[in-house]
Amino acid sequence: MKIQEADAKSLLVAQGLPVPPWAVARTASDARAAAERLFSAGADQVVIKAQVLVGGRGKAGGVKLAGDPAAAEEVAAAILGMDIKGIIVRKVLVAPAADIRHEYYLSAVLDRAARRVLYMGSAEGGVEIEQVAEERPEAMTYLHAHPHLGLQDFQARELCFALGLGSHLKDFVRIAQGLHATMIANDADLVEINPLAVVRETGPDGGPVERLQALDAKITLDDSALHRHPGLEELRDLDEEDPVDIEARAEGLSFIRLEGDIGCMVNGAGLAMTTMDLVKRAGGQPANFLDIGGGARSDKVAAAMRLILADRSVRAILVNIFGGIARGDEVARGLVEAREQQERSVPMVVRIVGTNAELAAEILSGIDGIETATSLDDAVQRAVAASRAQVAGT
Ligand code: GDP
Ligand code: MN
């Protein structure tokens with residue numbers, strides 16, 4: 001799960017990382033009010049940043065500076081509603097603009113193959129980092145943390161010197177350790193600070209001082225570990241979720257959209273994968289993976305059918321249910337209910353075996369657009385044939 005910059009920054013602050021203060025605004029006038037507070041607290045300039053779950057906002061025009069509240073409002077109005085890589089900007093982050101002397105890159109990523117956290121750093125941070133990593137690998141430093149001891153002090157120092165940040169050694173080590181703590185505390189897959197910037201500020205004696213600040217933050221959380229962090233689930237940004245994913249989660253269905261045209265509805269993950277394999281062997285392409293889980297009440301079946309049909313490329317549906325705890329008649333009733341509601345007619349081949357299979361067959365017999373099959377091979381072949389007939393018909 002990706003989280004927005006503002007939420008990622010909160011997680012960094014929780015581990016003691018230096019991040020400039022910020023506010024999030026959904027309207028230009030709220031952005032102006034936030035900017036006014038920052039100006040009266042002493043900021044010379046503010047930075048307004050699009051909050052969308054994609055990178056490269058700066059290059060897309062989603063990061064802009066403003067020198068007074070009116071300009072902040074104007075800039076915010078221009079960024080809100082902007083389309084960045086297909087995502088409409090609905091909120092902006094407002095922060096005091098940093099006086100950047102140099103931009104560094106620092107990230108931690110879960111390296112599954114090495115079973116360690118991999119650190120990446122570069123003295124050439126900023127918006128061109130992808131290009132740097134690709135074209136000049138020597139400008140990047142890579143280092144694996146210890147699997148049990150984490151990022152050790154000497155490793156953090158090694159990274160620091162590789163980046164040429166020796167004059168900020170103490171702060172850098174603290175930041176790198178904080179990055180590690182952020183990874184571990186939240187079960188993150190990725191924590192990225194780009195830029196980690198050396199910024200110039202006014203020191204206590206009125207003279208300039210330089211220090212490190214995390215000006216941008218990107219964090220990806222491990223979905224499978226979210227149950228261990230109930231608070232983090234709230235950071236999910238429903239504004240940017242695929243509505244299909246939201247509905248699937250709400251109904252307790254495991255649903256993954258694929259490229260093909262045969263919608264599959266199956267109970268049990270193993271059976272779902274087997275069904276997909278058989279569809280492929282018969283020359284078809286599954287449109288999705290869908291495990292409706294155990295029990296499978298009729299309303300859940302109807303919801304699963306809505307998800308399948310929301311995919312316009314689906315030309316045939318294959319239902320493969322092994323009735324154990326899930327009762328065949330209950331599933332059949334759900335299918336009939338779904339059939340009545342659906343506005344698009346797609347041929348459906350249903351194979352239900354096990355508990356109450358006869359009753360299921362009775363319920364489904366004579367329903368327009370539903371074929372029943374008893375053998376799995378037969379069901380798969382008929383579904384593939386039905387999808388082909390649809391292609392031929394269009
Ligand atoms: P990204 O493009 O989505 O990674 O967004 P960033 O937050 O990293 O901003 C992109 C670039 O805008 C940075 O690399 C900086 O060069 C610039 N930038 C961001 N925040 C500030 C700031 O506070 N002050 C100044 N002067 N530039 C900033
Ligand atoms: Mn960035």
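Counting starts at 1 for both ligands and their atoms, in listed order. Residue numbers count from 1 along this sequence.
For atom 13 (C) of ligand 1, the protein comes within 4.0 Å by at least one heavy atom.
Polar contact with ligand 1: present for Glu103 (N/O pair, distance under 3.5 Å). Of the N or O atoms in Ala98, one or more lie within a sub-3.5 Å distance of an N or O in ligand 1. Looking at Glu5 next to ligand 1, no N or O pair under 3.5 Å apart turns up.
Within the 4.5 Å cutoff, the side chain of Ile193 has heavy atoms near those of the Leu12 side chain.
Asp171 and Arg211 are not joined by a salt bridge, as no carboxylate oxygen comes within less than 4.0 angstrom of a charged side-chain nitrogen. Ion pairing between a basic and an acidic side chain is recognised when a charged N comes within 4.0 Å of a carboxylate O; Asp189 and Arg112 show such pairing. Salt bridge status for Asp99 with Arg200: absent, with no side-chain N to carboxylate O gap under 4.0 Å. Salt bridge status for Asp223 with Arg249: absent, with no side-chain N to carboxylate O gap under 4.0 Å. Between Arg382 and Asp378 there is a salt bridge, since a side-chain N of the basic residue sits under 4.0 Å from a carboxylate O of the acidic one. Of the charged side-chain nitrogens involved, none lies within less than 4.0 Å of a carboxylate oxygen, so that Glu330 and Arg333 do not count as a salt-bridged pair.
A side-chain donor from one of Gln177 and Asp153 sits under 3.5 Å from a side-chain acceptor of the other.
Among protein heavy atoms, the minimum distance from atom 4 (O) of ligand 1 is reached at Asp216 OD2, 3.1 Å. Counting protein heavy atoms only, atom 5 (O) of ligand 1 is closest to Arg57 NH2, 3.2 Å. In terms of protein heavy-atom proximity, atom 11 (C) of ligand 1 is closest to Val127 CG1, 3.8 Å. For atom 7 (O) of ligand 1, the closest heavy atom belonging to the protein is Lys49 NZ, 2.4 Å. Looking only at protein heavy atoms, the nearest one to atom 20 (N) of ligand 1 is Val47 CG2, 4.0 Å. The protein heavy-atom contact nearest to atom 28 (C) of ligand 1 is Ile100 CD1, 3.6 Å.
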Identify all side-chain donor-acceptor contacts of residues 54-66 below 3.5 Å with residues at least two apart in sequence or on another chain.
from, atom 1, to, atom 2, distance (Å)
Arg57, NH1, Glu5, OE1, 2.7
Arg57, NH1, Ala50, O, 3.0
Arg57, NH2, Glu5, OE1, 3.4
Arg57, NH2, Asp216, OD1, 3.0
Arg57, NH2, Asp216, OD2, 3.2
Lys59, NZ, Glu128, OE1, 3.1
Lys64, NZ, Gly61, O, 3.1

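Distances below 4.0 Å separate heavy atoms of Gly58 from the following atoms of ligand 1: 1 (P), 2 (O), 3 (O). The atoms of ligand 1 that sit less than 4.0 Å from any heavy atom of Ala97 are 23 (O).
Which of Val63, Val199, Asn194 comes nearest to atom 19 (C) of ligand 1 through a heavy atom is settled by distance: it is Val63.
Contacts between Asp99 and ligand 1 below 4.0 angstrom, taking non-hydrogen atoms only, are absent altogether.
The N, O or S atom of Asp216 with the smallest distance to the Mn ion (ligand 2) is OD2.
Here Glu192 fails the criterion, with no N, O or S atom under 2.8 Å of the Mn ion (ligand 2).
One distance of note links CE of Met265 with CG of Asn320; it measures 11.5 Å at 0.5 Å rounding.
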